[in-house]
Amino acid sequence: DAGVIQSPRHEVTEMGQEVTLRCKPISGHNSLFWYRQTMMRGLELLIYFNNNVPIDDSGMPEDRFSAKMPNASFSTLKIQPSEPRDSAVYFCASNSYNEQFFGPGTRLTVL
Amino acid sequence: GQQLNQSPQSMFIQEGEDVSMNCTSSSIFNTWLWYKQDPGEGPVLLIALYKAGELTSNGRLTAQFGITRKDSFLNISASIPSDVGIYFCAGLRRGSGNTGKLIFGQGTTLQVKP
């Protein structure tokens, strides 16, 4: 199995631009999670889906952030407009029962 | 916010030494997971624990699910340079159902001196 796949691995953009992060969960996993990791705040859960339905988006920092899961094999996290304080590593993870597997992350830098 | 207290925050040890770290909470957990994160990579699952008192090994790593269900421990024996990284505990709190929503510790940064 290829594991959780994320793209791009690195993204550098200018403030105000739209950013779209992509994730392909492990086949057969029915839960998908988006996290953000920074030195200051550690690992934060942004939103998670169960069977493609958003269950808890209380961690999404602002309306500038949105996430979708149109089907079981694909999810996006969008930031529009982006701001420098959004710079972080964004992880996608998927679950098999109670074991959660992470992707390699997308390192986002907003200038 | 995070509700797991992980300690120590960092460790700097000599190669060959044993390492211990732990996570505690005021809440009861049904599942404990231990992850390792290398620089520039995502956390990788090391060990999963499902029952109070359970002791599970993965090579030189041993983890235990505390009897009270409010804590967990990870031990690394005979450390080697490639053990360097950040170790995270994570738990699935009782009452979370099948959400899979984990609570994470703050991480323990391990450095090993050859």
Side-chain angles (χ1 to χ4, degrees), chain A residues 1-10 21 23-26 28-59 61 88-109, chain B residues 1-10 21 23 25 28-52 54 56 58 63 65 69 72 85-109:
Chain A
D1 200 321
V4 176
I5 298 173
Q6 290 187 249
S7 65
R9 289 296 309 273
H10 302 273
L21 311 181
C23 175
K24 177 179 167 53
I26 295 173
H29 288 192
N30 60 2
S31 295
L32 183 142
F33 299 75
W34 282 102
Y35 293 89
R36 178 173 68 178
Q37 186 178 43
T38 61
M39 288 291 292
M40 289 296 294
R41 301 172 69 92
L43 200 59
E44 302 175 277
L45 176 64
L46 300 177
I47 184 172
Y48 75 95
F49 296 81
N50 196 34
N51 293 322
N52 312 339
V53 176
I55 301 300
D56 183 353
D57 65 355
S58 59
V89 182
Y90 291 81
F91 289 105
C92 175
S94 67
N95 263 37
S96 172
Y97 298 101
N98 290 336
E99 296 183 8
Q100 195 164 111
F101 298 88
F102 283 77
T106 296
R107 180 173 294 277
L108 173 65
T109 302
Chain B
Q2 293 174 340
Q3 298 170 44
L4 287 180
N5 297 311
Q6 185 171 350
S7 65
Q9 187 174 356
S10 62
M21 60 191 78
C23 271
S25 174
I28 290 175
F29 285 77
N30 288 336
T31 299
W32 286 96
L33 306 174
W34 284 92
Y35 290 86
K36 182 193 178 195
Q37 185 175 20
D38 291 326
E41 301 294 331
V44 174
L45 183 61
L46 299 173
I47 293 179
L49 302 160
Y50 296 105
K51 292 167 53 177
E54 179 181 352
T56 297
N58 178 4
F65 193 138
R69 298 172 66 189
S72 179
I86 303 176
Y87 292 80
F88 290 98
C89 63
L92 186 64
R93 207 167 50 185
R94 184 179 65 176
S96 298
N98 294 321
T99 64
K101 182 178 178 181
L102 297 175
I103 307 297
F104 281 85
Q106 303 96 325
T108 295
T109 299

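Every chain is numbered from 1 and lettered A, B, ... according to where its sequence line falls, protein lines coming before strand lines.
Between B:Tyr50 and A:Glu99, the closest side-chain pair of non-hydrogen atoms falls below 4.5 Å. Contact annotation: the side chain of A:Gln37 never approaches that of B:Phe104 to less than 4.5 Å [non-hydrogen atoms, C-beta and beyond]. Taking the side chain as every heavy atom from C-beta outward, A:Phe102 and B:Val44 never approach each other to under 4.5 Å. Within the 4.5 Å cutoff, side-chain heavy atoms of B:Lys101 are placed close to those of A:Leu45.
Heavy atoms closer than 4.5 Å to chain B are found nowhere in A:Asn30, neither backbone nor side chain.
Atom CG in B:Leu102 sits 9.5 Å away from atom CG in A:Leu43 (nearest 0.5 Å). Put simply, CZ on A:Phe101 and CG on B:Leu33 are 9.0 Å apart, with the number rounded to the nearest 0.5 Å. In this structure, the separation between CZ on A:Phe91 and CD on B:Gln37 is 4.5 Å, given to the nearest 0.5 Å.
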